[in-house]
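Working notes, beginning with the structure itself.
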Amino acid sequence: MPEITEAEVRHVASLAKLALSEEELARVGRELNRILDYFAELQQLNTSEVPITSHALPLVNVYREDAVGESLSPDEATQNAPDGVDGYFRVPRIVE
Amino acid sequence: MPLQPTIGLEVHAELSTKSKMFCSCANEFGAPPDSHTCPVCLGLPGSLPVPNRQAVESVIRTGLALGCHVAERCRFARKNYFYPDLAKNFQISQYDEPLTHDGHIDLEGEGQPVRIRIRRAHLEEDTGKNIHLSDGHTLVEYNRCGVPLMEVVTEPDFRTAEHVREYLYTLRSILQYLGVSSADMEKGQMRCEPTINWIDPDTGERTPKVEIKNLNSIKSVYEAVKYELARQKRAAAMGEEELVQETRRWDEAKLVTATMRLKETADDYMYFPEPDLAPLAPEPEWIEEIRASLPELPRARAQRLVVDYGLPAYDAGVLTETRDLADYFEAVAAAVPDAKLASNWVMGDVRAWLNQEGGDISTLPLAPTALSELVSLVAAGTINNTTAKDVFAKMIAEGKGAQEIVEAEGLAQISDTGELERLVERAIADNPKIVEDYRGGKRKAIGALVGAVMKATRGQANAGLVNKLLKKKLG
């Protein structure tokens, strides 16, 4: 059974922008491994006769026609944002 | 064996639909910030996306035009990343199941046709825009966020920057012919990211892949590919600079590429199937309907112009650059006796006017029938080319017909033999020295005599006739 390594936990944490302490890294690692163990158990089921499911609903081709409807006003759009100016959302500068 | 360049392209094209990909906000450029947003494209909790059928059709249309297979069934995927150009922290895209796949575009090459394989053409949503301020803030606006975006990915089949350039011109013109995208790179409606490395065909050894961003014109792509190929080759040969897998940014001012960030791998985007959207399973009847409605594509049209109108291949290539220009030419040519003459006018004066005004053919205040009238007057010898150019300018400026202008201003060529004979005789009498030269064997001297007659008639004499009369009189 492949174990998730500490390096993998660090990588996933950095992708998720999570700052984990050493203690948390160890704990999360153990928890993720328990989840993997559970999936390993599921893997033992014989599913060769079961069609692959990629979606929970038995639906395909749900479309809308290409027509313009109502939009929010810039004020409405930005009203819940912590910071905004002139219809823009404003965030801390994201590039150097 | 020497190292071989390996170049693949990702091209993104904004689809020219009326509304966005997953909501009914307008797909419109240049509106006030955040005036075309709603809970769906802002990623507000509880909102649900619904795909735009027209956008799906546009990708199928493009796929078919590129010889791709249309998937019997495919799904959307979430591409997860942290960057505020999308409010919901992921982009709805396609990953393991693209809508269309495995086609090709054939290039002319340098007389040697080159086939570029298309890996896939899939559907996703465009991102919003960030404006980085010097005061420590970034402004974000989401009008563009959720606009339908098609991604066309090639196999790494390019060996030269020239082929990359030809591919982009070809793809752009195909997208414009299909009417799926305006595909103007300067306006960001078409964007291109090349991935470049060198490979040793003998050992299979290769330099790390480098992707280039910030390319805003086909010319920039061409320059950047040339630069990057040279940089990597130099680095591989000299070992002065370590090559790494990365994304580099094209610096338009300095004409160099510079490190932007280390390249992510697909794993880093944590793709997973989009649970909010039902899979697509385009019906075969729909696909055949779209296939049947494909227009004649630029290359086929150019070949037809050569056959139907007897045009040189060069003319046909220029005239078919855009569908509108080709339509215009065909409308003019249908009503004149000389298609090559019509081609000269459309390629020459019409295109010169468009370049000068910066517009497309729809802005030309001259209907095809108006130009046919002018071309027919030239073909019939009623006016000569020089006069015709003035008439062309007057037609545009004054909105009058060619015949009307020629009659009102008495511009018709003088082909009256009696009148021309008098003028020829006067030219001979006035220029004894030139006549002597001519009779002494300097046959070219006749040009000066023709010139004298043309001058006397303000350019309206039928030059061919003058020439003939002069030769007869001079014996």
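Chain A is the first sequence line, chain B the second, and so forth, proteins listed ahead of strands; every chain is numbered from 1. All values below were derived from every heavy atom in this structure, side-chain atoms included, with hydrogens, water molecules and symmetry-related copies excluded.
If you tally non-hydrogen atom pairs under 4.5 Å between each of A/Glu76, A/His11, A/Glu70 and chain B, the highest count goes to A/His11. In terms of heavy-atom pairs under 4.5 Å with chain A, the best-connected choice from B/Glu57, B/His137, B/Glu97 is B/His137. Counting heavy-atom pairs closer than 4.5 Å to chain B, the top-ranked of the candidates A/Asp86, A/Val62, A/Leu72, A/Leu59 is A/Leu72. Contact count versus chain A (heavy atoms, under 4.5 Å) is highest, among B/Glu283, B/His132, B/Glu28, for B/His132. Chain B forms the most heavy-atom pairs under 4.5 Å with one residue out of A/Ala16, A/Ser73, A/Pro58, A/Ala81, and that residue is A/Ala16. Comparing B/Pro282, B/Pro279, B/Ala278 by heavy-atom pairs within less than 4.5 Å of chain A, the highest count is held by B/Pro279. Of the listed residues (B/Ala55, B/Pro84, B/Ser24), the one with the most heavy-atom contacts under 4.5 Å to chain A is B/Ser24. The greatest number of non-hydrogen atom pairs below 4.5 Å with chain A, out of B/Pro39, B/Ser35, B/Cys38, B/Cys25, is found for B/Ser35.
Proximity to chain A (any heavy atom under 4.5 Å) is shown, for B/Pro32, by neither the backbone nor the side chain. For a residue to count as touching a neighbouring chain, one of its non-hydrogen atoms must lie under 4.5 Å from one of that chain's; by this rule A/Thr78 touches chain B with the side chain only. Using a 4.5 Å cut-off between heavy atoms, B/Glu274 contacts chain A through its backbone alone, with no side-chain atom that close. No part of A/Val12 comes within reach of chain B, as not one of its non-hydrogen atoms sits under 4.5 angstrom from that chain. Heavy atoms of A/Asp83 lying under 4.5 Å from chain B belong exclusively to its side chain. Contacts of B/Arg75 with chain A are made by side-chain atoms alone, with heavy-atom separations under 4.5 Å and no backbone atom involved. Within the 4.5 angstrom heavy-atom criterion, no atom of B/Pro148 approaches chain A. With a 4.5 Å cut-off on non-hydrogen atoms, B/Val40 does not touch chain A at all. Using a 4.5 Å cut-off between heavy atoms, B/Ile131 touches chain A through its side chain atoms alone. Of the atoms belonging to B/Cys41, not a single heavy atom falls under 4.5 Å from chain A. Heavy-atom distances place both the backbone and the side chain of B/Leu280 under 4.5 Å from chain A. There is no contact between B/Asn80 and chain A, counting heavy-atom distances below 4.5 Å. Contacts between A/Ala77 and chain B at a heavy-atom distance below 4.5 Å involve backbone atoms as well as side-chain atoms. Heavy atoms of B/Met260 lying under 4.5 Å from chain A are absent altogether. Heavy atoms of A/Leu57 lying under 4.5 Å from chain B are absent altogether.
Of the possible polar contacts, one joining the B/Thr100 side chain to the B/Ala121 backbone as a donor-acceptor pair under 3.5 Å is found. Using a distance-only test at 3.5 Å, with no hydrogens or angles considered, a donor-acceptor pair links the side chain of B/Gln94 to the main chain of B/Leu99. Between the B/Asp34 side chain and the B/Glu141 main chain, no donor and acceptor come within less than 3.5 Å of each other. B/Asn89 places no side-chain N or O within donor-acceptor distance of the main-chain N or O of B/Gly43, the cut-off being under 3.5 Å.
A side-chain contact (heavy atoms from CB on, under 4.5 Å) with B/Met21 is found for exactly one of B/Leu149, B/Leu123, B/Ile92, B/Val147, namely B/Leu123.
For A/Glu23, the CD atom is loosely surrounded, since the number of other residues' heavy atoms within 6.0 Å does not exceed 12. With a 6.0 Å radius and a threshold of 12 heavy atoms from other residues, nucleotides or ligands, B/Glu72 has its CD atom at or below the threshold. Summarising the local packing, OH of B/Tyr83 is surrounded by more than 12 heavy atoms from other residues, nucleotides or ligands at distances under 6.0 Å.
Taking CG from B/Asp126 and CG from B/Leu15, the interatomic distance works out to 10.0 Å, rounded to the nearest 0.5 Å.
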**Report entry** Steps toward side-chain contact (heavy atoms from CB on, under 4.5 Å) verdict (A/Asn61, B/Trp286)
**Finding:** CA-CA 12 Å; A/Asn61 299 333; B/Trp286 189 31; over 6 Å; no

Report task. Decide yes or no on side-chain contact (heavy atoms from CB on, under 4.5 Å) for A/Ser71 and B/Thr37, but give the supporting numbers first. Result -> CA-CA 5 Å; A/Ser71 294; B/Thr37 66; 5.7 Å; no

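Considering every non-hydrogen atom in both B/Ser16 and B/Ser182, the closest pair reads OG-N, 4.0 Å.
Looking at B/Tyr271 and B/Asp96, their side chains never come closer than 4.5 Å, going by heavy atoms from C-beta outward.
For B/Arg120 and B/Glu151, the salt-bridge test fails: no basic side-chain N is under 4.0 Å from an acidic carboxylate O.
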